[in-house]
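Worksheet: the structure to be examined is printed underneath.
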2 protein chains.
Amino acid sequence: MDALGANSTGYVPLYQQIKRLITESLVSGEWAPGEPIPSEFELASRYSVSQGTVRKAISELASQKVLVRHQGKGTFVASHSQESTNFPFLRIAPDDSVVQSVEATLIDLWRIKLDEISAAKLLVSPGASGWLIRRLLSVEGKETLYEEIRLPGDSFETVEEQLVLDHNCMLYSMYESEFGIRILNVEESLKAVTADGEITKRLKLPESTPLLRVDRIAFTYGDKPVELRRGFCNTSNHHYRNRIV
Amino acid sequence: MDALGANSTGYVPLYQQIKRLITESLVSGEWAPGEPIPSEFELASRYSVSQGTVRKAISELASQKVLVRHQGKGTFVASHSQESTNFPFLRIAPDDSVVQSVEATLIDLWRIKLDEISAAKLLVSPGASGWLIRRLLSVEGKETLYEEIRLPGDSFETVEEQLVLDHNCMLYSMYESEFGIRILNVEESLKAVTADGEITKRLKLPESTPLLRVDRIAFTYGDKPVELRRGFCNTSNHHYRNRIV
DNA sequence: GTTCTTATATCTTATATAAGAATTATTGAC
DNA sequence: GTCAATAATTCTTATATAAGATATAAGAAC
């Protein structure tokens, strides 16, 4: 099975082809985040297949959270701005309660040249221009996470401080509405480290406190990396939670 | 929607009822891990529904990795002993390569009384008897992870060192074949800490090296917790990887 | 006249069934 | 041993019906 769902004999099921066509319409922006896509019957006649076949294609996209379905209402393009939680990929939670409030404050924003490693991870040429955003996250009112975010200049042409503030530091929602870039999933890599002065100062911690370092690559359609992130988390009263099935 | 799939009017779709019946047969041990379950058509006639309805029930269980399907062969009860990777829930990987080999060595095994916190997490009464297993994991030949595993005595009656060794320290495979307990999923909680003498000695590290502490609760059918685990991981050359969708 | 309820028509997705295709393993002929 | 036929399995596709949501219109209450 390759990425298109074909087997060794080249046979591709109909519903896989439909899935591909739907994805293309999503990438092209024909159907925008938050908007409904045509009904199953409309799509069935458009692609000349049965409703059940369209349905199977949509089902798989819905299980990937690319689409969201509501019985009786329709199928919608998933959007960060309409999610229940504002930071859907944030795994930091307080030890003794459930996470209620997360607040983000912008530290600063710079135009930068991407270093070699960052450029490689973003699949752009080394030295290409980009952006560096630094911010601080407070969970339940306590400064917990210091983050550095790197964006490639080719996908993000101009990023202004005011723009970030307008979106309340909810970056993925901003990427979506301002740049048409929807983050679908992220890969994280975690390590335990001791922090240097700058970071401990930001988090108001004594030097050499052990911190959780979280490196993230965020992907949009077609597994294209479009954001790099490094966070340092104070885990004295918080933890990183994960469920594996 | 409650856990059984019923809505507010009490209506439960047929395929949800079938899913329930199949799960009951799995819990009761009618179909053992690694074994095939009856074919879709056999189950359809047994439950007096169509093959498609059985199929939908099986599909959901397969997506939860409770069952595994092979076209042309049949549907099988998922088993840890037949998985491609021997440590399916292990998220530790070397920084500069893909994980090739993981080896576990048993340190020791004790009968203990479960402390209050552990007992609460395992939903047994405080002071109930249980087991403590200590072991060391090496990734690519390098000692990386020190683990303490706590088991409740009511689910695990007698655990012998030899039994653990016989299974090459692959505990989830042992739980399955020796105690009939299949681990379906785990919840992990991560923190950055500095290690004490015992642990740094085991991992051959200087004192006060920052370590990744991984607390795990493992669940079997019906979200019943049956194992507690605390691991300390040297993340100098390794990391904890995670993908979030 | 305005507002609220209620019924109805119509749209949506969800469920159930059936028939045939694709895949795998087995059997038998050669 | 090799190859083709066969049987058993899951997979794909199509069709029909059910359940849920929404807009509209008619009627009742105020």
Side-chain angles (χ1 to χ4, degrees), chain A residues 1-2 4-22 25-26 31 34-78 82, chain B residues 1-2 4-22 25-26 31 34-78 82:
Chain A
M1 280 271 203
D2 67 12
L4 287 70
N7 64 8
S8 55
T9 69
Y11 163 74
V12 183
L14 254 183
Y15 79 91
Q16 291 279 7
Q17 302 176 37
I18 304 302
K19 190 175 164 187
R20 172 114 194 259
L21 292 170
I22 292 175
S25 288
L26 289 168
W31 307 317
E35 302 282 302
I37 70 171
S39 78
E40 295 180 354
F41 281 103
E42 277 183 77
L43 290 174
S45 90
R46 167 166 166 177
Y47 300 132
S48 303
V49 296
S50 78
Q51 178 245 2
T53 302
V54 168
R55 184 169 177 70
K56 181 148 186 178
I58 291 179
S59 289
E60 295 208 348
L61 292 169
S63 75
Q64 295 174 236
K65 301 193 186 171
V66 172
L67 298 174
V68 180
R69 310 212 277 188
H70 296 291
Q71 182 174 2
K73 292 175 70 177
T75 301
F76 302 79
V77 183
Q82 65 182 180
Chain B
M1 279 274 201
D2 68 11
L4 286 70
N7 64 8
S8 54
T9 69
Y11 163 75
V12 183
L14 255 182
Y15 79 91
Q16 291 278 6
Q17 302 176 36
I18 304 302
K19 191 176 162 185
R20 173 114 192 260
L21 292 170
I22 292 175
S25 288
L26 289 168
W31 307 316
E35 300 284 301
I37 70 171
S39 77
E40 294 179 355
F41 281 102
E42 276 183 76
L43 290 174
S45 90
R46 166 165 167 178
Y47 300 130
S48 302
V49 296
S50 77
Q51 176 248 359
T53 303
V54 169
R55 184 170 176 70
K56 182 151 185 178
I58 291 179
S59 289
E60 294 207 350
L61 292 169
S63 75
Q64 295 173 237
K65 301 192 185 171
V66 173
L67 299 174
V68 179
R69 310 211 276 189
H70 297 289
Q71 183 172 359
K73 293 173 70 176
T75 302
F76 301 80
V77 183
Q82 66 182 178

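Per chain, numbering begins at 1; letters A, B, ... match sequence-line order. Hydrogens, waters and symmetry mates are skipped; everything else that's a heavy atom, side chains included, is used. These numbers were taken from a predicted model, which means no experiment stands behind them.
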Walking DNA chain D from its 5' end, the first of F41(A) and R69(B) to be reached, judged by nearest nucleotide, is R69(B)
Heavy-atom closest pair (I58(B) atom, I22(B) atom, distance to 0.1 Å) is CG1-CD1, 4.0 Å
In this structure, CZ of F76(A) is separated from NE2 of H70(A) (nearest 0.5 Å) by 6.0 Å
Applied to residues 59-70 of chain B, the salt bridge (Lys or Arg N to Asp or Glu O under 4.0 Å) test, sequence neighbours excluded, yields K19(B)-E60(B), E40(B)-R69(B)
When rounded to whole Å, the CD1 to P distance for the pair I18(B) and dA16(C) reads 9 Å
L61(B) CG to dT10(D) C1', in whole Å, measures 16 Å
P38(A) and L43(A) have their tightest heavy-atom pair at O-CD1, 3.6 Å
Using a 4.0 Å heavy-atom cut-off across all strands, classify G52(A) as base, sugar-phosphate, or nothing.
base
With sequence neighbours left out, the residues meeting side chain to side chain donor-acceptor pair (under 3.5 Å) with S25(A) are E30(A)
Rounded to whole Å, the CD-P distance (E40(B) to dT23(C)) equals 16 Å
I58(B) CD1 to dT15(C) P, in whole Å, measures 17 Å
**Asked** Counting only side-chain N and O atoms of T75(A), is one of them less than 4.0 Å from OP1 or OP2 of dT13(C)?
**Response** yes
Rounded to whole Å, CZ of F76(B) lies from C1' of dT10(D) at a distance of 11 Å
Out of dT10(D), dT15(C), dA14(D), minimum distance to the side chain of L14(A) belongs to dA14(D)
By nearest-nucleotide position on DNA chain D, the 5'-leaning member of T53(A) and Q51(B) is Q51(B)
Between the OH atom in Y15(A) and the OG atom in S50(A), the distance rounded to the nearest 0.5 Å is 13.5 Å
Which of dT13(C), dT15(C), dT12(D) is nearest the side chain of Y15(B)? It is dT15(C)
Quick one: is K56(A) getting a side-chain N or O under 4.0 Å of the dT12(D) phosphate, OP1 or OP2? yes
Shorter than 3.5 Å, N or O on both sides, protein versus nucleotides 21-25 of chain D: list them out with atom names.
from	atom 1	to	atom 2	distance (Å)
dA21(D)	O4'	G72(A)	O	3.4

Go through the steps to decide whether Y47(B) and L21(B) satisfy the test side-chain contact (heavy atoms from CB on, under 4.5 Å), and finish with yes or no. CA-CA 9 Å; Y47(B) 300 130; L21(B) 292 170; 3.8 Å; yes
Quick check on dT15(D): is either OP1 or OP2 less than 4.0 Å from any side-chain nitrogen or oxygen of S50(A)? no
Q.
With a 4.0 Å cutoff (strictly under), does any side-chain N or O of R55(B) reach OP1 or OP2 of dT10(D)?
A. no
note: L43(A), atom CG; dT12(C), atom C1'; distance rounded to Å ~ 12 Å
